[in-house]
Amino acid sequence: MASTHGAEVLVASNRGPVSYQMGEDGALHARRGGGGLVSGLSAIGPDANAVWVCAALGDGDREAVRRAGGALLPAEDTGGQHVRMLDIDADVHHDAYNGIANSVLWFVHHMLYQTPLEPVFDAEFRRQWASYEAYNRAFAEALAEEAAEGAAVLIQDYHLVLAPRMLRQLRPDLRIGHFSHTPWAPPDYFRLLPDDIAAEVLNGILGADRAAFLTQRWADAFTDCCHAVLGADVAAGTRIGVHGLGADADFLRERAHRSDVDEWVTALREEIGEGRRSIVRVDRTELSKNIVRGLLAFRQLLEDRPEWREKVVHVAFAYPSRQDLAVYREYTAEVQRVAEEINAHFGTAGWTPVVLHVRDDFARSLAAYRLADVALVNPIRDGMNLVAKEVPVLSEEGCALVLSREAGAYEELGADAIVVNPYDIVGTADALHRALSMPASERTERTKHLAAAATALPPAQWFLDQLHALD
């Protein structure tokens, strides 16, 4: 397949660096996103001849693609980056994104199924899988069209596990990498997938020259699955890499001291109350984040350690996620119900034990980071968890980190965190007590070590390391 634009570096991901909203007057308004990929692609400079391929996610995006006539989006909308947005049929995208990526692959890798009842891989699953294949094929074809001879292509995440093999078949000259931002399931759990689908997932990634993961644990799980399902010697074909994405310290410190964050610091101090300690968590209401058990552990703390009543506030930011899926709506409602129950049982006229916010506000989150005495990060399973890395960077008085051993961040931060089994409510309550009781000098020293480890591989370097590894 011949190249159309001849890009030397390409990134592919479901979500791109820009999204569009349609105004009432018919005008399109572009909103630029952030994150590690945006920082990384910026790090290679405007003259690097790079293209980002992503999907149109809403009506505004699809209209922008139509107005661009299938060409690259206007540079003034994308911060100067070259972006090709794919107008994949909305039903196909829904099947691929919600039906397979978020309801099957995400559940497998985070080990979330209630196995007496699910999964059920029936004819409807097979229909949705065909859409997932079509979605991946659209990306592979677009990348093949955009890439110069021998270009480097970095394909991102569980949405696009089939694309490396498909692209290899179209353009064997390309240097292809795939990066998994999630955990990887161990073989016994991965093999919940139908045998042919499990093999297709693995072979899809093995179409890349290099498959990379956030931790060695997830990389080892992938190779174990290859041996169990394919009997493959992975080292003979695809190289395996590990890149532990870190916090962007410079950006965080600058952004966290703007006036809007300062205003939130003042407001949150009032909500917490003079002289009280704070336990902070910031998460999406994603099933794997384990917010409900975190609340139950806080309730257990108040039951077991009455001396903390009226002296500590759990600042819990639980931002609704994937609300188009019923199970996520139910989980968000349960988070709110448990928080209200704790406040009703323990609250007094002058003390609200749980300060819960469910409307996403980045400035308010950064303010909470600055005020955190304790950071609670207790996921059931997490590829990395950047909150665990960001809070120690911004905490003004030093914070104790209560960290699940099932978070990818445990690999780098575990030595200076208080580590918990995320299912153990009593154990997590004890850890919260230890964290709240930690001497200031120890907290300061631990925070220093946590911040150093958390920022060891900032997003730009994380991206460049993967790019250079393809050489």
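Since we're looking at a predicted model, the values are computed, not measured.
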**Message:** With a 4.0 Å cut-off on N to O distance, would you call E63 and R67 a salt bridge?
**Reply:** yes
**Prompt:** Among R309, H433, H314, which one satisfies side-chain contact (heavy atoms from CB on, under 4.5 Å) with L301?
**Reply:** H433
**Prompt:** Is it the case that more than 12 heavy atoms not belonging to E254 sit under 6.0 Å from its CD atom?
**Reply:** yes
**Asked** Do we see a donor-acceptor contact under 3.5 Å between the side chains of N14 and H93?
**Response** yes
**Salt-bridge present (R255, D260; N to O < 4.0 Å)** = yes
**Request:** For the pair R175 and D471, find out whether any cationic side-chain nitrogen is under 4.0 Å from an anionic carboxylate oxygen.
**Result:** yes
**Item:** Rounded distance [0.5 Å steps], CE in M438 versus SG in C399
**Value:** 9.5 Å
**Message:** Does D59, at its CG atom, have more than 12 non-hydrogen atoms belonging to other residues, nucleotides or ligands within less than 6.0 Å?
**Reply:** no
**Message:** Can you confirm whether V391 sits close enough to L401 that some side-chain heavy atom of one is under 4.5 Å from a side-chain heavy atom of the other?
**Reply:** no
**Prompt:** Nearest 0.5 Å, what's the CD-OG distance between E390 and S395?
**Reply:** 13.0 Å
**Request:** Compute the centroid of each ring, for H109 and then for Y158, and state whether the two points are separated by less than 6.0 Å.
**Result:** no
**Complete:** Exactly one of W462, F213, F463 clears ring-ring contact (aromatic ring centres under 6.0 Å, His included) with F179, and that residue is W462
**Request:** Without swapping roles, check the side chain of R84 against the backbone of C54 for a donor-acceptor pair under 3.5 Å.
**Result:** no
**Prompt:** Got a second to check how far L403's CG is from K389's NZ, nearest 0.5 Å?
**Reply:** 10.5 Å
**Message:** Tell me the closest heavy-atom pair linking A400 and A435, and the distance in Å.
**Reply:** CB-CB, 3.7 Å
**Message:** Checking the side chain of R299 only, and the main-chain atoms of A339 only, is there a donor and an acceptor separated by less than 3.5 Å?
**Reply:** no
**Message:** Could you tell me if the side chain of V108 sits less than 4.5 Å from the side chain of F190, heavy atoms only?
**Reply:** yes
**Message:** When you compare the side chains of Y331 and E286, does any donor N or O come within less than 3.5 Å of an acceptor on the partner?
**Reply:** no
**Request:** Please determine, by modelled atom types, if H357 and E271 share a side-chain donor-acceptor pair under 3.5 angstrom.
**Result:** yes
**Exercise: identify the closest heavy-atom pair between L214 and V242** = O-CG1, 3.8 Å
**Asked** Out of curiosity, D157 CG to T182 OG1, how far, rounded to the nearest 0.5 Å?
**Response** 5.5 Å
**Request:** Looking only at non-hydrogen atoms, find the nearest pair between L28 and G60 and report the distance.
**Result:** CD2-O, 3.7 Å
**Prompt:** Looking only at heavy atoms, which two atoms of W218 and D382 are closest? And how far apart?
**Reply:** CZ2-O, 3.4 Å
**Message:** Please check: side-chain N/O of Y132 versus main-chain N/O of H159, any donor-acceptor pairing under 3.5 Å?
**Reply:** yes
**Message:** Using a 3.5 Å distance criterion without hydrogens, assess whether the side chain of D373 forms a donor-acceptor pair with backbone atoms of S278.
**Reply:** yes
**Message:** Atom OH of residue position Y410 - does it have more than 12 heavy atoms of other residues, nucleotides or ligands inside 6.0 Å?
**Reply:** no
**Asked** Going by an N to O cut-off under 4.0 Å, is there a salt bridge joining E396 and R269?
**Response** yes
**Ring center gap for W351 and F346 short of 6.0 angstrom** = no
**Message:** We want to know whether R381 and N290 form a side-chain donor-acceptor pair, criterion being a heavy-atom distance below 3.5 angstrom.
**Reply:** no
**Asked** Can you tell me if Y423 and T428 form a side-chain donor-acceptor pair at under 3.5 Å?
**Response** no
**Test item: D61 side-chain N/O and Y20 main-chain N/O as donor-acceptor pair under 3.5 Å** = yes
**Fill in**
Output for pair (E146 CD, N49 CG), nearest 0.5 Å, gives 10.0 Å
**Asked** So, are R239 and D209 salt-bridged, with charged N and O less than 4.0 Å apart?
**Response** no
**Asked** Should we say atom CD of Q21 is surrounded by more than 12 heavy atoms from elsewhere, each under 6.0 Å from it?
**Response** no
**Message:** Looking at E397, I'd like to know if its CD atom is crowded, meaning that more than 12 non-hydrogen atoms belonging to other residues, nucleotides or ligands lie closer than 6.0 Å.
**Reply:** no
**Request:** Examine distances only and state if a side-chain atom of R276 and a backbone atom of E310 form a donor-acceptor pair shorter than 3.5 Å.
**Result:** yes
**Prompt:** Between atom CG of L167 and atom CG of N136, what is the distance when rounded to the nearest 0.5 Å?
**Reply:** 11.0 Å
**Asked** Is a side-chain N or O of T352 found less than 3.5 angstrom from the main chain of V354, in a donor-acceptor match?
**Response** no
**Short side-chain to backbone donor-acceptor contact, S437 and R434, under 3.5 Å** = no
**Asked** Would you say the side-chain atoms of H94 pair up with the backbone N or O of A90, donor to acceptor, closer than 3.5 Å?
**Response** no
